[in-house]
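A short write-up of the structure that comes next.
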Amino acid sequence: MRFVGIDPATNTGFVALDSCGMPFVEELIRGEGKNQPGGISPEQRMSLENQLFVLLKPGDVVLKEGVANGTQMLITTAKIHGGLEGMVTRKGLRYDEIAPDSVKKFVAVESWTGTKGSKVRLDGPAKKKAMAAAALEQYGYTNPSHDIVDAFIIAKICEAVYRVRNGRSLDEYPPHQSEVIESITDPVAYKAKKDAKKKPKPKLKQKVEASAQSTLF
């Protein structure tokens, strides 16, 4: 059994952990063929898909990162994701999907940076640097490719999801990780907890008025 993390893009990160959660395969795959301005050519996409198909093995437990909200080049991104998902299915495997922000959350990397009122989304080189630092600090893991680092973290989430589905308690993980795991293992319960946190609290004015009325009567 292997725990597989896939970070889909024109450069796709692929990491497979062994049954003990240690890196077993670390690959950066890119489709071969003529370049197509502003996207990926059909030849490159097919090559990328074929390489993933070869890397996958029977019995793999797979987690892939989903499409980020507001991503640029959405059509190209959707084609890449759809093609890679098709290869996982063709291999006879099932997969879970995780939002990019949840990948960052699992290793305690904030999605936004800056002070209140002037926050900006953590992206680009700053995001890559933060994820690399988190992987090194929490797992002692390093790789010169940021795509492989992301795939490694996704693979660690994949392992955690598998462990919980097979009896490990969520309490064994810190809150920021258990929330990410539960969003995959039990999305209904996770959503209910999230909605409960969003419930608006009674306004102070309403409390004061209610107190005044009880005093009068």
Side-chain angles (χ1 to χ4, degrees), residues 1-32 40 47-48 51-57 59-68 71-72 77 80-81 84 87-88 93 95-114 120-164 168 170 172-181 183-184:
M1 177 190 296
R2 305 186 308 174
F3 305 109
V4 172
I6 303 173
D7 181 27
T10 50
N11 289 322
T12 291
F14 178 98
V15 169
L17 309 177
D18 63 20
S19 58
C20 296
M22 300 301 293
F24 185 69
V25 178
E26 303 158 285
E27 292 284 346
L28 183 66
I29 55 177
R30 181 179 176 85
E32 298 176 357
I40 184 171
S47 171
L48 183 66
Q51 290 177 66
L52 176 66
F53 187 81
V54 171
L55 285 171
L56 292 168
K57 303 299 179 187
D60 281 348
V61 182
V62 182
L63 179 65
K64 67 172 284 289
E65 187 175 80
V67 179
T71 188
Q72 297 179 351
T77 301
I80 292 171
H81 279 254
L84 298 182
M87 291 301 103
V88 176
L93 303 170
Y95 65 90
D96 286 303
E97 195 167 73
I98 185 168
D101 282 351
S102 292
V103 177
K104 292 196 286 286
K105 181 178 179 179
F106 191 80
V107 288
V109 171
E110 296 289 340
S111 294
W112 297 85
T113 185
V120 295
R121 178 170 285 280
L122 185 69
D123 211 348
K127 179 258 184 183
K128 297 170 188 175
K129 185 177 180 180
M131 295 294 281
L136 179 61
E137 179 183 353
Q138 297 181 37
Y139 299 107
Y141 181 82
T142 182
N143 193 287
S145 167
H146 66 87
D147 297 301
I148 292 179
V149 169
D150 285 355
F152 169 80
I153 294 170
I154 295 167
K156 293 303 291 185
I157 301 170
C158 180
E159 179 192 4
V161 167
Y162 176 85
R163 303 294 185 204
V164 169
R168 181 173 292 180
L170 276 173
E172 294 185 33
Y173 297 89
H176 64 280
Q177 291 190 344
S178 64
E179 288 179 5
V180 171
I181 297 166
S183 71
I184 299 172

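Because the structure is a prediction, the values reported are computed rather than measured. Throughout, residue positions are numbered sequentially from 1 according to the sequence presented.
Rounded to the nearest 0.5 Å, atoms CD (Glu27) and CG (Leu52) are 11.0 Å apart. Interatomic distance, Ser178 OG to Glu172 CD, rounded to the nearest 0.5 Å: 11.5 Å. The CD atom of Glu179 sits 3.5 Å away from the NZ atom of Lys105 when rounded to the nearest 0.5 Å. Put simply, OH on Tyr173 and CZ on Arg163 are 7.5 Å apart, with the number rounded to the nearest 0.5 Å. Separation of atoms CE (Met1) and CG (Leu17) is listed at 12.5 Å; rounding is to 0.5 Å. Residue Tyr162 holds its OH atom at 15.5 Å from CD1 of Ile184, rounded to the nearest 0.5 Å.
Side chains of Ile98 and Phe106 form no contact here, defined as non-hydrogen atoms less than 4.5 Å apart. Looking only at side-chain heavy atoms (C-beta outward), Ile154 and Ile6 stay at 4.5 Å or farther from each other. Two residues are said to be in side-chain contact when any heavy atoms from C-beta on lie closer than 4.5 Å; Phe14 and Gln51 fail this criterion. Inter-residue side-chain proximity for Val103 and Met131 is flagged as met; some heavy-atom pair is nearer than 4.5 Å.
Between Lys57 and Val54 the shortest heavy-atom distance is NZ-O, 3.4 Å. Across every non-hydrogen atom of Leu93 and Asp60, the tightest pair is CD2-O, 3.7 Å. When every heavy atom of Ala16 is checked against every heavy atom of Val4, the shortest pair comes out as CB-CG2, 4.0 Å. Shortest non-hydrogen contact noted between Arg30 and Ser47 is O-OG, 4.4 Å. Scanning all heavy atoms of the two residues, the minimum distance from Ile80 to Pro8 falls at CG2-CB, 4.4 Å. Across all non-hydrogen atoms, the minimal contact from Phe24 to Asp18 is CB-N, 3.9 Å.
Distance alone, capped at 3.5 Å, places no donor-acceptor pair between the Glu97 side chain and the Glu65 backbone. Between the Lys156 side chain and the Gly21 main chain, a donor and an acceptor come within less than 3.5 Å of each other. One N or O on the side chain of Asn143 and one on the backbone of Ser145 form a donor-acceptor pair closer than 3.5 Å.
With respect to Thr12, the side-chain contact (heavy atoms from CB on, under 4.5 Å) criterion is satisfied by exactly one of Asp147, Leu55, Leu84, Asp7: Leu84.
Checking His146 against Lys127 by side-chain atom types alone, no donor-acceptor pair falls below 3.5 Å.
Ring orientation note: the planes of Tyr139 and Phe152 are nearly perpendicular, at an angle over 60° on the 30°/60° scale.
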